[in-house]
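Just passing along the structure, written as structure tokens.
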Amino acid sequence: MSQNIQTLQKEDRVFHPSPEFSARAHVKSMEEYEELYKRSIEDPEAWWSSQASKLVWQRPWDTVLDWSNAPFAQWFLGGKINASENCLDRHVREGHGDRVAIHWVGEPGDTRSLTYADLLRETSRFANALKARGIKAGDRVLIYMPMVPEAAIAMLACARIGAIHSVVFGGFSASSIKDRLEDSEATAIITADGGWRRGSVVPLKANVDEALAAGCSVDTVFVLNRCGNEVTMVEGRDLWWSDAIDGVSDDCPAEGFDSEHPLFILYTSGSTGKPKGVLHATGGFLTGAYSTFYYIFDHQPDDIFWCTADVGWVTGHSYIVYGPMSCGATQIMYEGAPNTPDWGRFWEIIEEYKVTVFYTAPTAIRAFIKAGDSFIDQHDLSSLRLLGSVGEPINPEAWMWYREKIGGGRCPIVDTWWQTETGTIMISPIPGATPTIPGTATRPFFGIDAAVLSADGNECGPNEGGMLVIRKPWPSMLRTIYKDPERFKKTYWGEYEGIYVAGDGSRVDPSGNFWIVGRLDDVLNVSGHRLGTAEIESALVSHSAVAEAAVVGRPDDLKGQAVVAFVTLKAGYQHGPELAKELKIHVGHEIGAIARPDDIRFSQLLPKTRSGKIMRRLLKEIVSKGEVHGDTSTLEDFTALAALQKED
Ligand code: WTA
């Protein structure tokens, strides 16, 4: 596979952090980074214990790492910790109860500011409400919320009592909720009547009702009143958030749980039709979230941090909830879309709250470029001191625009590479130290032994493309795939003994910078969101007209990748624009709007190898270049190629 990875990018613009930035930063020079990195890799256990010891533990650990049952790691064994205590009680105890934790901005323009003392009180109260409904440590709780402070409160309340939260992105459909409920066997759901998105209400509670219609393990649904839209409440099962906390004590002692106690399950797309439940453990995850937030966002007490992700994705878990809050940061949380009421919304918020550190995705940056500079020029962005990017490779033009237009040429950019599975950032500049170059995530974080290997397991030479791997365990690594340890072993550890395979292609330049090329498996990255081609295919074949489907990605200027579906129909069905439209809507209903194919192309047959495997490589070439190159001799049916036609 690796020899197919072409790396033709050439980039020689290098940007060093300004002396003023470095002077104030936690790591002030590349020499300091190199020295710290070297030590952290020589003795990762010493490094990670130094980081874990910055957290509050109710009982210290006895063993830093047990890797004897690899790839099932255990970190900080014997230690007892409560994630909610670290994110809330600790700051109040240390005298920072009045510090604002969240400046929240609703899409319609309503605002709220909650201090750490407020968050502690609300979280404790809601944790008691969870307990009152019989929810206890180890139980799974599904969270399906808009971007409101209660989403973070719900997560922290679960963590406080040891319940395992599983957040489902509010853009996912009822079927997606149902799949995740079935797999996690959650007994409770926390949702809202609706959430605002581009001026309309997303009917969250109605989607939950639809997911629950077939019956399942859920006996409690908490419903936050956010939009006031009409909802149906089921007697005995559904209760309003406000009623659930009414008269409930705000004292809920934070019990210490084993370091390895699961903190959350987050479902993510893989190369099969079934999303994987990525499981993270409390002590290790929190250590990674704390440490990366502190160093990579160079956290300073007077920062106003803003991560624009949704809590439904891992970025929201690590860099809205657990990272910033364990560091006691003040942050912005925004409910709505970047273009509501217009493309100036983000810049208006940055100006108003004097945001200092801003973390967003390349797809958003490209959309801002397209919208035009006029939305930016009216706003004062001089409070910004650091910018971040996550979710997909950032193209150098977007990087340069981000630096000049948003960062005023003065803010370092941290291009952060990581995954739901890695839990926290793995490769990124350290902003006061690392020289940055547009398009590279630069160097591994402390304690992270990243490398690029060829198919035979040897380390690739400079600029040679191969598979991105991590050779040593790290605390925030996923512990398993929920209820499927075999899939965990096979997916990430099957290629090389004891080495984590990320599924991304990469190369390392002669200066040691990692250039991430993109996924090597059948996972697409659409607007920074992971989508499994197999998931979209199974959604398509669940439609009565579809016999077979193959989904591939096509390069797209705005979204990074667009979804193209090749579809063969069952006898008696007629292809045409109407059906294409219906299939797109069907996928939206089965998974969520983000998975809706951009193009549907009908075909009489799909090109296959003699063993019956769909030849995706050919389909990818057809959609990206419009013609086929390379060897087609293994095609079962050559006419299938000629018969592919665009119908959209
Ligand atoms: C991609 C998101 C290039 C990559 C945190 C990875 C990136 C997948 C970057 C994980 C980056 C993420 N440069 N590619 N800075 N960050 N990716 O699980 O393909 O939603 O494997 O986690 O996004 O997506 P996930």
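Numbers for residues simply follow the sequence, beginning at 1.
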ask   = Would you say the side chain of Gln561 lies within less than 4.5 Å of the side chain of Glu392, judging by non-hydrogen atoms?
value =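 Glu392 vs Gln561: side chains apart.
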Open item on the list: If you define the side chain from C-beta out and look only at heavy atoms, does anything of Ser291 sit under 4.5 Å from Trp47?
Closed with: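 They are in contact (side-chain heavy atoms under 4.5 Å apart), so the answer is yes.
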Is the shortest side-chain N to carboxylate O distance from Asp557 to Arg366 below 4.0 Å?
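Here Asp557 does not pair with Arg366 in a salt bridge, since their nearest N and O are not under 4.0 Å apart.
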Please determine if Glu42 and Arg39 form a salt bridge, counting it only when a charged side-chain N lies under 4.0 Å from a carboxylate O.
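Salt bridge: no.
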Review point. Between Val517 and Asp504, is any pair of side-chain heavy atoms under 4.5 Å apart?
Key: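 Not in contact.
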Lys559 and its side chain to side chain donor-acceptor pair (under 3.5 Å) partner, picked from Asn525, Asp598, Thr363: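 So the option named by the test is Asp598.
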**OP:** Please test Lys38 against Glu35 for salt bridge (charged side-chain N to carboxylate O under 4.0 Å, His left out), starting from the C-alpha separation and ending with a verdict.
**Re:** CA-CA 5 Å; Lys38 184 163 169 281; Glu35 162 65 23; 5.8 Å; no
Query raised in the report: At their closest point, which heavy atom of Ser173 faces which heavy atom of Gly588, and how far apart are they?
Result: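 Heavy atoms of Ser173 and Gly588 come nearest at CB-O, 3.8 Å.
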**Item:** Side-chain heavy atoms of Val563 within contact of Ile536, under 4.5 Å
**Value:**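 Yes, at least one pair of side-chain atoms sits under 4.5 Å.
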Review point. Between the side chain of Glu34 and the main-chain N/O of Met30, is any donor-acceptor distance below 3.5 Å?
Key: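 No; zero donor-acceptor contacts below 3.5 Å.
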Ring centroids only, cut at 6.0 angstrom: are Phe514 and Trp417 within range, meaning strictly under it?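 Centroid distance Phe514-Trp417: not below 6.0 Å, so no.
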Less than 4.0 angstrom from a charged side-chain N to a carboxylate O is my criterion; do Glu421 and Arg530 meet it?
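Result for this pair is yes, salt bridge flagged.
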Residues in side chain to side chain contact (heavy atoms under 4.5 Å, CB included) contact with Thr416, at least two apart in sequence or another chain
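If we apply the side chain to side chain contact (heavy atoms under 4.5 Å, CB included) test to Thr416, skipping adjacent residues, the hits are Ile296, Tyr359, Val390, Val414, Trp418, Ile425, Ser428.
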Would you call Trp399 and Phe15 a side-chain contact if the rule is heavy atoms closer than 4.5 Å?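 Yes; the side chains approach each other to less than 4.5 Å.
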Fill in: Phe264-His165 aromatic ring centre distance below 6.0 Å
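Yes: the rings meet the under 6.0 Å criterion.
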Next item on the list: Output, in order, the C-alpha distance, side-chain angles, deciding distance and verdict of side chain to side chain donor-acceptor pair (under 3.5 Å) for Asp449 and Trp474.
Entry: CA-CA 9 Å; Asp449 186 14; Trp474 66 100; over 6 Å; no
To the nearest 0.5 angstrom, please state how far the CG atom of Asn463 sits from the CZ atom of Arg507.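 With rounding to 0.5 Å, CG (Asn463) is 4.5 Å from CZ (Arg507).
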ask   = Can we say Arg616 and Glu621 salt-bridge, meaning some charged N sits less than 4.0 Å from an Asp/Glu carboxylate O?
value =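 Salt bridge: no.
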When the ring planes of His529 and Trp313 are compared, do they come out parallel, tilted or perpendicular, using 30° and 60° as the limits?
->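 Parallel, since the angle between the ring planes stays under 30°.
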For Pro597 against Val587, the heavy-atom pair lying closest together: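 Closest approach of Pro597 to Val587: CD-CB, 3.8 Å.
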Note to self: Would you say Tyr319 and Thr292 are linked by a side-chain donor-acceptor pair, where the criterion is simply a distance under 3.5 Å?
What the structure shows: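 Tyr319 and Thr292 do have a side-chain donor-acceptor pair below 3.5 Å.
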Hydrogens and angles aside, do Tyr322 and His317 bring a side-chain donor and acceptor to less than 3.5 Å of each other?
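Side chains of Tyr322 and His317: no pair found under 3.5 Å.
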Practice problem: Determine the interplanar angle of the Trp75 and Trp48 rings, folded into 0 to 90°, and report it as parallel if under 30°, tilted if 30 to 60°, perpendicular if over 60°. | Solution: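 Answer is perpendicular, since the angle exceeds 60°.
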Any side-chain heavy atom of Ile516 within less than 4.5 Å of one from Leu468?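 Yes, their side chains come closer than 4.5 Å.
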Subject >> Nearest heavy atoms of Met477 and Ala73, plus distance in Å >> reply: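 The answer is SD-CB, 3.8 Å.
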**Request:** May I ask you to check whether Thr360 and Thr308 show a side-chain donor-acceptor distance below 3.5 Å?
**Result:**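 Yes - a donor-acceptor pair under 3.5 Å links their side chains.
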Pairing of Arg479 and Glu260 as salt bridge, 4.0 angstrom limit =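 Salt bridge: yes.
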Under a 4.0 Å threshold between the charged nitrogen and the carboxylate oxygen, would Asp521 count as salt-bridged to Arg519?
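So Arg519 pairs with Asp521 through a salt bridge.
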Checklist entry - Do you know which two heavy atoms are closest between Ile81 and Ser259, and how far apart they sit? => result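 That closest heavy-atom pairing would be CG2-CA, 4.2 Å.
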Practice prompt. With side chain to side chain contact (heavy atoms under 4.5 Å, CB included) as the test, would you mind laying out the steps for Tyr295 and Gln51 before giving the verdict?
Written response: CA-CA 11 Å; Tyr295 284 104; Gln51 297 307 291; 3.5 Å; yes
Supply the atom-to-atom distance Asp179 CG to Glu590 CD, rounded to the nearest 0.5 angstrom.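 Going from the CG atom of Asp179 to the CD atom of Glu590 covers 8.5 Å.
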Going by the angle between their ring planes, with limits at 30° and 60°, are Tyr37 and Tyr33 parallel, tilted or perpendicular?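 Because their plane-to-plane angle is under 30°, the rings of Tyr37 and Tyr33 count as parallel.
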inquiry  = Is a donor from one side chain sitting under 3.5 angstrom from an acceptor on the other, for Ser68 and Asp66?
reply    =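 Judged by distance alone, the side chains do pair up.
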- Query: Does a donor on one side chain sit under 3.5 Å from an acceptor on the other, for Arg471 and Tyr496?
  - Reply: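 Tyr496 and Arg471 do not have a side-chain donor-acceptor pair below 3.5 Å.
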query: Is it true that Arg140 and Glu182 make a salt bridge, defined as a side-chain N closer than 4.0 Å to a carboxylate O?
result: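 No salt bridge links Arg140 with Glu182.
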Return yes when atom NZ of Lys483 has more than 12 non-hydrogen atoms of other residues, nucleotides or ligands closer than 6.0 Å, and no otherwise.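 Count over threshold, so yes.
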Residue pair Phe76 / Pro475: nearest heavy atoms and the distance that separates them
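That would be CE1-CB, 4.1 Å.
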Side-chain donor/acceptor pairs under 3.5 Å, residues 274-290, sequence neighbours excluded:
unit_1: Lys274; atom_1: NZ; unit_2: Asp183; atom_2: OD1; d: 3.3
unit_1: Lys276; atom_1: NZ; unit_2: Tyr492; atom_2: OH; d: 2.9
unit_1: His280; atom_1: ND1; unit_2: Ser476; atom_2: O; d: 3.2
unit_1: His280; atom_1: NE2; unit_2: Thr420; atom_2: O; d: 2.8
unit_1: Thr282; atom_1: OG1; unit_2: His261; atom_2: O; d: 2.5
unit_1: Thr287; atom_1: OG1; unit_2: Gly283; atom_2: O; d: 2.7

Apply ring-ring contact (aromatic ring centres under 6.0 Å, His included) to residues Phe293 and His299 and explain how you reach the verdict.
CA-CA 7 Å; Phe293 183 76; His299 178 61; 5.3 Å; yes
Query raised in the report: Could Arg487 and Tyr482 be counted as a cation-pi pair, given that NZ or CZ must be under 6.0 Å from the ring centre and within 45° of the axis?
Result: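 The answer is no, since Arg487 fails at least one limit relative to Tyr482.
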Notebook entry, point to check: Ile427 and Ala441: which non-hydrogen atoms are nearest, and at how many Å?
Noted result: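 Looks like CG2-O, 3.4 Å.
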- prompt: Do Trp515 and Asp509 have a side chain donor and acceptor closer than 3.5 Å?
  reply: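 Note: Trp515 and Asp509 side chains meet the donor-acceptor criterion.
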